[in-house]
Amino acid sequence: MQASYDAAAVERAAQEFWAARRSFEVREDPARPKYYCLSMFPYPSGRLHMGHVRNYTIGDVLARFRRMQGYNVLQPMGWDAFGLPAENAAISNGVPPARWTRQNIDYMRAQMRALGFAIDWSRELATCDASYYRWNQWLFLRMLERGIAYRRTGVVNWDPVDQTVLANEQVIDGRGWRTGAPVEKREIPMYYLNITRYGEELLRALDGLPEWPERVRVMQANWIGRSEGCEVTFPWSADARAALCDAASPGLRVFTTRVDTLFGVTFLAVAAEHPLATAAARTRPALADFVEACRRGSVMEADLATQEKKGMPTGLHAQHPLTGEALPVWVANYVLMGYGEGAVMGVPAHDERDFEFATRQGLAVRTVVVPADGSYHEVGAAWQPAYADHGMTVNSGEFCGLDFDGAVERITAALEERGLGRRRVQFRLRDWGISRQRYWGCPIPVIHCPACGTVPVPDEQLPVVLPEDLVPDGSGNPLAKSAAFYVCTCPKCGGAARRETDTMDTFVDSSWYYTRYACPDARAAMVDARVAYWLPVDQYIGGIEHAILHLLYSRFWTRVMRDLGEVSFSEPFTRLLTQGMVLNHVYSYQPEGGRKRYFNPAEVRTRRGADGTAVYEVAAADRGTLQVVHEGLGKMSKSSGNGVDPQSLVERYGADTARLFTMFASPPEQTLEWSDEGVQGAARFIRRLWAAVYEHVGAGAPPPLQPSALTGPQRELRRTAHQTLVKVADDIGRRHNFNTAIAAVMELLNAVARHDDGSDAGRAVRHEALRIAVLALSPVTPHVCHALWQALGSQTALVDERWPQADAEALRQDSLDIVVQVNGKLRGRVTVPAQADEATVRAAALADEQVRRFLADKPVRRVIVVPGKLVNVVV
RNA sequence: GCCCGAGUGGCGGAAUUGGUAGACGCAGCGGACUCAAAAUCCGCCGCCCUUAAAAGCGUGUCGGUUCGACUCCGACCUCGGGCACCA
């Protein structure tokens with residue numbers, strides 16, 4: 001054994017050992033319990049960032065721990081290889097996305113190997129491989145057959161200068177990112193997946209995911225947004241009927257959850273895209289301008305929700321379904337075409353948005369619900385949240401004096417009788433639009449024939465292969481300009497036809513990759529029998545930012561596969577761990593009138609200024625130093641220039657130090673603050689562990705441990721070691737708090753360092769303690785532990801070692817320290833035998849001198865004894 | 001705007017089911033070793049008042065429940081994630 005720790009040599013040796021033994025390649029083994037441990041696959045952006053290191057280290061710790069517990073552990077890895085950044089790179093440097101992506105994958109794979117993850121690389125896949133995405137296409141065709149996939153128009157961001165569709169990310173302050181032109185909305189035909197068909201099931205099944213974080217389930221439930229309400233038809237007045245020229249339309253249909261407020265309706269409002277708005281705009285230029293104005297701006301919900309509530313009357317009317325009153329119909333920008341019917345009934349007295357709108361437009365406010373406690377009888381001039389509460393109906397004709405449930409029931413019945421309403425469940429969840437007008441994605445397998453219409457590509461012609469030599473230039477999809485791609489013959493009539501040039505949303509790729517890992521080489525089918533052994537995923541690890549979309553789409557896609565008989569489970573991920581972001585300090589400098597520049601914290605030096613406050617400086621290229629501003633902590637990102645390159649970290653300290661620091665600095669669900677000093681602390685601990693083993697081994701092999709013949713301090717160290725075993729297993733296996741598991745091993749090493757005992761028994765106890773420390777830390781720092789395990793004289797490889805049971809005899813305690821409080825304040829401590837009963841503990845507490853001082857001569861009113869912990873004396 | 005989180009010493013964090021607030025680490029201070037520095041080892045380290053001890057105060061703010069609250073409840077403030085075409 002080397003006297004000093006050489007991370008590079010230790011890590012190379014361990015990785016070569018694992019590679020030669022193919023330690024992490026796994027097969028189905030029905031005799032052993034399986035554990036499928038999966039981290040979200042990365043987008044191959046070029047290099048790993050610290051978020052990846054954190055994500056994959058968490059997964060690796062869990063995978064290695066479960067392996068030690070005897071599970072047959074699968075930990076695969078792959079690449080979410082389609083997406084926008086490859087096109088952006090192509091625009092700026094002319095390299096085809098395929099080449100850029102594959103180079104990035106090669107580089108990042110090497111980085112991952114250097115970090116020593118226990119990955120079965122034989123299962124690696126990339127979503128840009130035709131052998132993978134052909135099954136996206138195959139399943140899409142099955143969905144098309146069943147009506148789960150369908151075509152309709154949808155709204156997109158349109159850059160009028162580049163003549164291209166923009167992603168939300170490419171819209172900055174309502175303008176195109178490259179052209180700066182104001183973005184417009186445009187309706188184009190797109191493919192949708194009918195996820196709302198599964199809305200009810202996706203919502204209910206959340207209850208069957210007890211090992212998902214509560215907040216993720218809540219977010220998904222809110223996203224699905226099931227609400228029970230009523231669909232109400234307001235019959236057209238003559239003016240609206242005339243304008244619409246649609247005899248089939250009986251009236252304006254709205255959805256409401258508050259049909260109890262029906263008598264408070266003073267106006268109706270429709271979205272700018274609603275057919276009535278279009279019809280009314282034909283004869284009213286001002287309204288046409290307003291509708292046109294609503295079409296400008298982005299399609300993002302956050303923008304729509306924060307914009308000023310504007311509206312304009314259509315001049316048309318519809319009739320109240322029960323009173324026949326003529327109600328004005330407005331166009332309002334806060335009504336969304338995508339939700340419900342694209343029209344709402346306006347009840348200013350009992351809905352905050354309607355109240356704001358009515359106040360601004362001078363529309364009437366009619367109170368129809370009052371609280372049971374009589375706290376108000378009339379809605380006032382300023383909005384109060386209580387106005388939206390359920391209460392008792394008033395001013396509602398024959399429906400007065402009813403509570404919410406009663407009013408809903410009777411009013412709905414009255415509407416049903418007239419054929420103007422019915423109960424309905426409405427979801428906030430919308431169908432999933434998967435068409436992207438982009439090149440670097442999975443082609444949608446349909447053909448447009450002038451004679452036959454839209455024709456699915458026959459299965460035997462799959463995959464529709466994406467050509468890999470095209471280079472996007474920012475002016476639209478190059479597939480749409482590539483005759484070699486789009487010119488084809490119709491599979492039905494054999495005539496000339498045009499291939500669909502839209503590609504699929506990359507969320508499709510990531511909706512089932514975890515299933516394919518079970519059988520990455522299956523050629524004849526999407527999945528095969530091996531899936532039944534490995535799936536569902538036992539532990540999924542990834543960023544909280546995926547809490548809704550990716551996880552919901554995966555749950556949906558899995559159900560579609562289930563209904564097609566491809567898999568037999570409904571939920572793909574049994575346990576979910578959502579890791580927090582990695583943060584670092586942000587430093588910037590903005591010259592007057594110039595552009596703000598960011599500086600990496602590694603370049604910034606801190607010193608005390610004349611007044612004692614911190615001054616931050618960087619060395620300027622030309623002369624002297626430049627004073628920069630500390631903006632606080634921010635997510636590590638290219639744009640803030642505050643990233644830490646894992647590569648240089650591994651080169652400087654080794655993979656184990658990188659892994660140890662990221663696991664120790666904070667619990668996985670919380671944000672992680674980068675700290676160079678913390679990294680050094682992690683490196684220091686590994687050196688200390690190495691030195692302790694080196695020193696111990698240098699004294700020769702100790703004799704076998706005789707547990708029954710130990711001194712007090714020897715028993716104490718042994719107890720600490722076995723307690724550590726229990727705590728680390730619980731912290732890693734149940735709590736996923738790796739930071740406290742590591743702290744426990746640090747405490748054990750501190751105890752070993754204090755254990756200054758050269759006797760045979762003392763050395764035997766130390767030997768056991770060091771073995772336990774190395775074993776317990778091995779999921780986190782596998783390389784150095786691999787070497788130390790050998791140094792401690794083990795015949796077996798650590799990677800094949802089992803997690804030992806703690807020795808109950810070693811854990812046993814003879815006496816306990818009990819805390820004594822007087823009126824809830826800590827006043828003393830007493831030591832009692834471990835078996836002492838409540839009366840003994842109580843007597844010992846009351847007899848304690850410190851305690852008696854605080855009791856003085858006051859009568860004891862009550863004594864609370866918490867067994868094994870504390871006594872509280874109340875006076 | 002809507003939905004979901006988080007706030008504890010100089011710093012990262014610990015306190016697992018309502019029961020000792022500050023484990024472990026970082027930084028700092030003092031000491032040992034060294035010609036010296038680095039590394040390493042030992043000790044101290046919430047605030048306040050103190051020679052010291054003891055007392056008092058203390059988990060974003062305000063209020064409540066309880067013998068007892070970082071933990072539960074209500075209101076507020078600040079920071080972060082998501083909002084359907086970034087992944």
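Convention: sequence-line order gives letters A, B, ...; per-chain numbering from 1. Just so it is clear, the model here is predicted, and its values are computed rather than measured.
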Worksheet entry | Residues forming a ring pair (Phe, Tyr, Trp, His ring centres under 6.0 Å) with A:His755, sequence neighbours excluded | none
Worksheet item: Partners of A:Tyr439 by ring pair (Phe, Tyr, Trp, His ring centres under 6.0 Å), sequence neighbours excluded?
Response: none
Fill in: Qualifying residues under side-chain contact (heavy atoms from CB on, under 4.5 Å), relative to A:Pro85, sequence neighbours excluded
A:Tyr43, A:Trp100
Worksheet item: Quick one: salt bridge (Lys or Arg N to Asp or Glu O under 4.0 Å) pairs with a partner in residues 860-875 of chain A, sequence neighbours left out?
Response: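 The answer is none; no pair qualifies.
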Discussion item. Quick test of your reading: applying salt bridge (Lys or Arg N to Asp or Glu O under 4.0 Å), list the pairs with at least one residue in residues 725-735 of chain A, sequence neighbours left out, ordered by first then second residue.
Written reply: A:Lys727-A:Asp731, A:Asp730-A:Arg734, A:Asp731-A:Arg735
Practice prompt. Rounded to the nearest angstrom, tell me the gap between atom CG in A:Leu660 and atom P in B:C24.
Written response: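 After rounding, the reported distance stands at 16 Å.
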Discussion item. Please convert RNA chain B into dot-bracket. A pair counts if it is Watson-Crick or G-U wobble with both distances under 3.5 Å; crossing pairs go in [ ] and bases paired with another strand get |.
Written reply: (((((((..(((......[....))).(((((.......))))).((........))..(((((..]....))))))))))))....
Item to complete: Take nucleotides 64-82 of chain B nucleotide by nucleotide from the 5' end and write B, S or -, depending on whether a protein heavy atom sits under 4.0 Å from the base, only from the sugar-phosphate, or from neither.
Response: ---BS-----------SBS
Discussion item. Taking 4.0 Å as the cut-off, does a side-chain nitrogen or oxygen of A:Asn222 come that near to OP1 or OP2 on B:C4?
Written reply: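 True: A:Asn222 side-chain N/O within range (under 4.0 Å) of B:C4 OP1/OP2.
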Practice prompt. Taking only heavy atoms on the protein side, list every residue of residues 677-688 of chain A lying under 4.0 Å from any atom of RNA chain B, sorted numerically.
Written response: A:Glu677, A:Gly681, A:Arg684, A:Arg687, A:Arg688
Practice prompt. Pick base, sugar-phosphate or nothing for A:Leu429, based on heavy-atom distances below 4.0 Å to the nucleic acid.
Written response: base
Worksheet item: In chain order, what residues pass the salt bridge (Lys or Arg N to Asp or Glu O under 4.0 Å) check against A:Arg719, with sequence neighbours excluded?
Response: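 With neighbours one apart ignored, the set is A:Glu716.
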Tell me which donor-acceptor pairs under 3.5 Å the side chains of residues 741-754 of chain A have, and how far apart each pair is, sequence neighbours excluded?
unit_1, atom_1, unit_2, atom_2, d
A:Asn750, OD1, A:Arg688, NH2, 2.5

For residues 163-176 of chain A, please give each side-chain donor-acceptor pair under 3.5 Å, one per line with the distance, not counting sequence neighbours.
unit_1, atom_1, unit_2, atom_2, d
A:Gln163, NE2, A:Pro160, O, 2.8
A:Thr164, OG1, A:Gly476, N, 3.4
A:Asn168, OD1, A:Asn157, ND2, 2.9
A:Gln170, OE1, A:Ala167, N, 2.8
A:Arg175, NH1, A:Gly180, O, 2.9

Contacts under 3.5 Å, N or O only, protein and nucleotides 14-16 of chain B:
unit_1, atom_1, unit_2, atom_2, d
B:A14, OP1, A:Asn739, ND2, 3.1
B:A15, OP1, A:Arg735, NH1, 2.9
B:A15, OP1, A:Arg735, NH2, 2.9
B:U16, O4', A:Arg735, NH1, 3.3
B:U16, O2, A:Arg734, NH2, 2.4
B:U16, O4, A:Lys727, NZ, 2.5

